[in-house]
Amino acid sequence: MPDRDESPPPQPADNLSSLQANLESRRAKLGRLIARGIDPYPRRFARSCSAADAIAQFEAADAAGLPDDAPPLRLAGRITSMRVMGRAAFLDLRDATGVVQALLRRNVLGDDYALLSDLDLGDFLGVTGQMMRTRTGQPTIEATSLTILAKGMRPLPEKWHGLRDVETRYRQRYLDLIANPEVADTFVQRSRVISGIRRFLDNRGFVEVDTPILVPIPAGAHARPFITHHNALDQQLYLRIATELYLKRLIVGGLDKVYEIGRVFRNEGIDQDHNPEFTLLESYEAYADYNAVMEMVEALVSSLAQDVHGSMQIPLGAHVIDFTPPWPRLSLREELQRRSGVDIDDYPDAESLTRIARQLGLEPAPREARGRLIDKMLSVYVEPHLIQPSFLMDYPEDMSPLAKSHPDQPGYVERFEAFAAGMEIANSYTELNDPAVQRARFAAQEHLRAAYDDDEADRTDDDFLTALEYGMPPTGGLGIGIDRLVMLLTAQTTIRDVLLFPQMRVLHDESERER
RNA sequence: GGGCCGUUAGCUCAGCUGGCAGAGCACCGGACUUUUAAUCCGGGUGUCGUGGGUUCGAUCCCCACACGGCCCA
């Protein structure tokens with residue numbers, strides 16, 4: 001053991017972490033810029049074009065053999081790489097369209113070249129100059145002047161390995177977007193999916209509408225709501241769990257073809273395909289039924305695959321999902337019987353179905369409603385097998401309170417769900433438009449809530465019933481979870497990777513938040 | 001809700017059986033006018049997630065907690 005008494009004490013003041021050293025260095029550079037009368041955060045910079053356009057135009061002009069007497073370009077972007085070689089330097093400038101390399105030479109730039117020593121990775125820089133080719137043939141702008149556009153005061157994630165830590169990727173998505181360019185591609189594709197849906201429905205004569213997000217009755221789906229309060233009205237309100245009942249009111253009102261793409265909120269757990277807020281498309285078409293909606297779903301999703309992915313076949317994990325229509329139409333009852341050996345019609349009540357579910361090795365809750373038991377059986381025996389796009393048709397009435405009964409199958413309704421990669425992507429009914437039957441169905445749901453402690457059972461909306469009493473035409477309705485659809489179309493396996501800001505637990509530790 | 005795994009420098013990651021905390025990138029100083037993860041020389045980074053415990057001694061073993069991931073419900 002060495003005697004510690006004579007060893008020098010540590011020097012806390014001199015020991016800076018690498019982050020502190022980096023921040024200090026950037027602050028010093030900022031100070032030098034300001035001291036030289038340079039605004040490190042100017043108000044504007046008139047770009048002549050994007051990085052991608054600069055390169056494309058240069059290649060085109062070069063191919064046409066034009067002499068390079070073109071006017072100088074003004075390009076701008078974030079510095080993502082710097083290769084400094086004394087009296088010359090190459091910088092990579094990145095914007096949303098790509099990367100363009102800039103060559104800085106001291107004899108060309110003169111005094112402007114001194115700016116180089118106060119630049120860091122992550123700064124935004126504007127460059128004026130002509131496009132030229134380097135020795136290796138790379139299109140490059142040779143700078144005749146430099147303008148700092150925004151000084152970056154923190155170091156970026158490492159340029160080669162990117163940002164891997166998933167927690168940081170989601171909490172600070174901007175860093176993910178900077179460090180991992182393929183992430184930005186996914187969100188551009190998401191935007192294309194949504195605009196493609198709008199185009200598709202608009203072309204078919206649908207009207208896009210906005211209905212309330214703050215609602216007095218959270219009806220229209222099986223889900224627990226988020227609860228809030230309006231002070232001036234002194235009234236409890238909920239965040240909507242669906243848009244269904246408001247859109248049907250608009251069908252009553254005669255709009256005939258309506259849709260909404262909007263956020264809905266369900267107070268549930270978070271996993272690979274659930275986020276408490278998600279984006280839902282709902283559409284309603286008067287005089288259509290669920291068969292017509294099925295054809296529309298095939299046409300919509302396959303055209304989106306073609307538009308966004310460039311093909312109807314999309315590789316996803318071990319599978320290639322082929323969205324080419326038509327998709328198989330499968331009977332729910334038959335599929336469940338084929339996969340589990342149980343014909344649900346043999347078990348007409350919750351008690352008998354609970355017994356057979358136990359025999360199958362499922363673990364139903366002590367008092368579980370029949371519809372929920374069937375839902376559980378589907379998710380175990382049927383849904384995981386629905387890899388290729390397919391429709392599961394004709395659901396039991398007790399899990400579908402808003403759907404019209406099936407004419408040939410008592411106890412069933414005209415409802416389908418579409419599945420792909422084992423995931424539900426669409427839900428549709430021939431809408432129930434008989435106000436008396438709807439009232440009875442709501443009552444049955446309220447009974448389930450009370451008798452089975454089912455706090456996800458649907459809720460009675462009397463104002464909606466009044467609307468139905470004025471008359472709603474035969475209508476085909478549809479709901480599509482946009483996030484899951486985007487997952488399929490962009491080959492992502494977690495919903496977090498198609499949500500820019502997935503829900504995360506708030507950090508309480510000050511030092512962690514300070515990162 | 002339960003189980004398992006993870007948390008080390010700004011980032012990406014090593015760290016053996018408990019014995020002075022490591023690399024690359026980034027950063028700082030120097031050289032360098034066509035680089036491409038530029039190169040070469042030199043420099044030092046730290047609340048080892050947090051709080052307890054065991055121990056002469058804990059990044060390492062134990063307990064609790066926080067956050068994240070995966071699996072199950």
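Because the structure is predicted, anything quoted here is derived from the model rather than measured.
For A:D453, the salt bridge (Lys or Arg N to Asp or Glu O under 4.0 Å) criterion is met by no residue, not counting sequence neighbours. Under the side chain to side chain contact (heavy atoms under 4.5 Å, CB included) criterion, A:I344 pairs with A:L332, A:R333, A:L336, A:L353, A:R370, A:I374, A:P396, A:Y412, sequence neighbours left out.
Side-chain contact check for A:R484 and A:Q492: no donor-acceptor pair (N or O, by modelled atom type) lies under 3.5 Å. Remark: the A:S25 side chain and the A:R27 side chain contain no N/O donor-acceptor pair separated by less than 3.5 Å.
Each of A:L121 and A:L156 was assigned the nucleotide of RNA chain B with the nearest heavy atom; the assignment lying further toward the 5' end belongs to A:L156.
Rounded to a whole Å, the CE atom of A:M85 is 13 Å from the P atom of B:C32. Counting to the nearest Å, the C1' atom of B:U33 and the CD atom of A:E142 are 10 Å from each other. Taking atom CE of A:M82 as the reference point, atom C1' of B:C32 lies 16 Å away to the nearest angstrom. Remark: P of B:U34 and CG of A:N107 are 11 Å apart, rounded to the nearest angstrom.
The pair A:D120-A:K151 meets the salt-bridge criterion, since a charged nitrogen lies less than 4.0 angstrom from a carboxylate oxygen. Salt bridge annotation for A:D123-A:K29: absent, with no cationic side-chain nitrogen under 4.0 angstrom from a carboxylate oxygen.
OP1 and OP2 of B:U35 both lie 4.0 Å or more from every side-chain N or O belonging to A:R83. When the side-chain nitrogen and oxygen atoms of A:S25 are compared with OP1 and OP2 of B:C28, one or more of them lie within a distance under 4.0 Å.
Of the nucleotides present, B:G69 is the one that pairs with B:C4 by Watson-Crick or G-U wobble criteria, both distances under 3.5 Å.
When each of B:U36, B:C28, B:U12 is scored by its nearest atom to the side-chain atoms of A:D165, the top-ranked nucleotide is B:U12. The side chain of A:S81 lies closest to B:A38 when the candidates are B:G46, B:A38, B:U34.
Residue-level contact check: A:R105 touches the bases, meaning some heavy atom is under 4.0 Å from a base atom.
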> Which letter, B, S or -, goes with each nucleotide of nucleotides 68-73 of chain B from 5' to 3', with contact meaning a protein heavy atom under 4.0 Å?
Replying inline: SSSS--
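A:R78 places a side-chain N or O within donor-acceptor distance of the main-chain N or O of A:G122, the cut-off being under 3.5 Å.
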